[in-house]
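Notes for the one structure printed next.
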Amino acid sequence: MSQSTTTSSNETVTTDAEESASETPMDGETPTEADTADLLTLDAPQYLQISGEIQLFERVFSAAGTVTDKTRLGIAESGIVTRAADQQGHAMVDLRVSGSSFRTFDAGTGTLGVDVGRVRDALSIGDAGDLAQFALDAANSTLEINIDGITRTIELDPVESLRYPVEMPDIDIPATVHLSPDDISLGLDAADMLADRFDLSVDSDAGEVRFAADGDTDSMTYRWDDTDLIAFEPADVEVKLDSSLVKSANAGLPDGTNRVLHIGNGVPLVLKSEFPDADGAMQFVIAPKLPN
């Protein structure tokens, strides 16, 4: 059974928004890590009028849908945030997007309880580059999504009915690896064919990263040396991970973006990528598996 991502140590925090900002240029307007929890516990905003390309909204709700069916969506004048975990607390998503990334952004401050699947259904009627318009009917507690003249009205969930936003774990993560999306997908597919868990390790002396999995009779190892990697900050670390959780998180990140893995000894994996064509940051935190 996996350990919860909320298990903390007293080591250096390396999974916060400051690190995200150092890898994905930000304009300073996006809601920060420090205020995310507060923003996700407020009453609903009094007004909201947001428009932008469908693919931007889809990336937000696709990432949230990787771990939960319903999420708290924090709204501020500066942008939107969400943080959620799966039922077991084994995988977490943390995401924020600046209001400047949208075509128009006019909103009060507050929290919405959103059914992720219903929003994605509404978005599915249009193409990636089509304009989607989101409007809040505060009196009726509904969200209206208009695409090409078609309006979908979605009943919002009471915020108090949704789980309290999880805290980011306080952990030390010494190794950082930058992989292409094709490379990490190939490694995860190969590992998942053999077992429901795999070992992710970094060897600083050899200058390589390894995915390794053992089946009933077969085994596999996929290696990258430092010349294969986009960027590499090595340290001798190893962690055992759930194959399906990491695959789901990888699929929840935007297509075509390089993956950044923060890896420590037996601690949660942080998997993140750039937020293409937007000023924002997203990351997944995945709990380690216990030894057999």
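For the numbers below, each heavy atom of this structure counts, side chains included, while hydrogens, waters and symmetry mates do not.
- Rounded to the nearest 0.5 angstrom, Thr151 OG1 and Gln133 CD are separated by 8.5 Å.
- Within a 6.0 Å sphere centred on CZ of Arg118, heavy atoms belonging to other residues, nucleotides or ligands number 12 at most.
- Within a 6.0 Å sphere centred on CG of Asp43, other residues, nucleotides and ligands contribute 12 heavy atoms or fewer.
- Annotation: the span from Glu208 atom CD to Leu229 atom CG amounts to 10.0 Å, rounded to 0.5 Å.
- Looking at heavy atoms from C-beta onward, Arg72 lies in side-chain contact with Val159 at the 4.5 angstrom threshold.
- Comment: Asp242 does not engage Lys240 in a salt bridge, judged by the lack of any side-chain N to carboxylate O separation of less than 4.0 angstrom.
- None of Ile50, Leu131, Leu56 except one satisfies the side-chain contact (heavy atoms from CB on, under 4.5 Å) rule with Arg103; the exception is Leu131.
- Pairing each heavy atom of Thr41 with each of Thr111, the nearest pair is N-OG1, 3.5 Å.
- Here Asp189 pairs with Lys247 in a salt bridge; the nearest charged N to carboxylate O distance falls below 4.0 Å.
- Between atom CG of residue Leu143 and atom OG1 of residue Thr153 there is a gap of 8.5 Å, rounded to the nearest 0.5 Å.
- The six-membered or imidazole ring of Trp224 lies away from that of Phe232, with a centre-to-centre distance of 6.0 Å or more.
- The two residues Asp192 and Ser243 come nearest to each other via the heavy atoms OD1-CB, 3.4 Å.
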Exercise for review: In sequence, state the C-alpha distance, the side-chain angles, and the governing distance for Thr142 and Leu156, and then conclude on side-chain contact (heavy atoms from CB on, under 4.5 Å).
Suggested key: CA-CA 5 Å; Thr142 58; Leu156 295 169; 5.6 Å; no
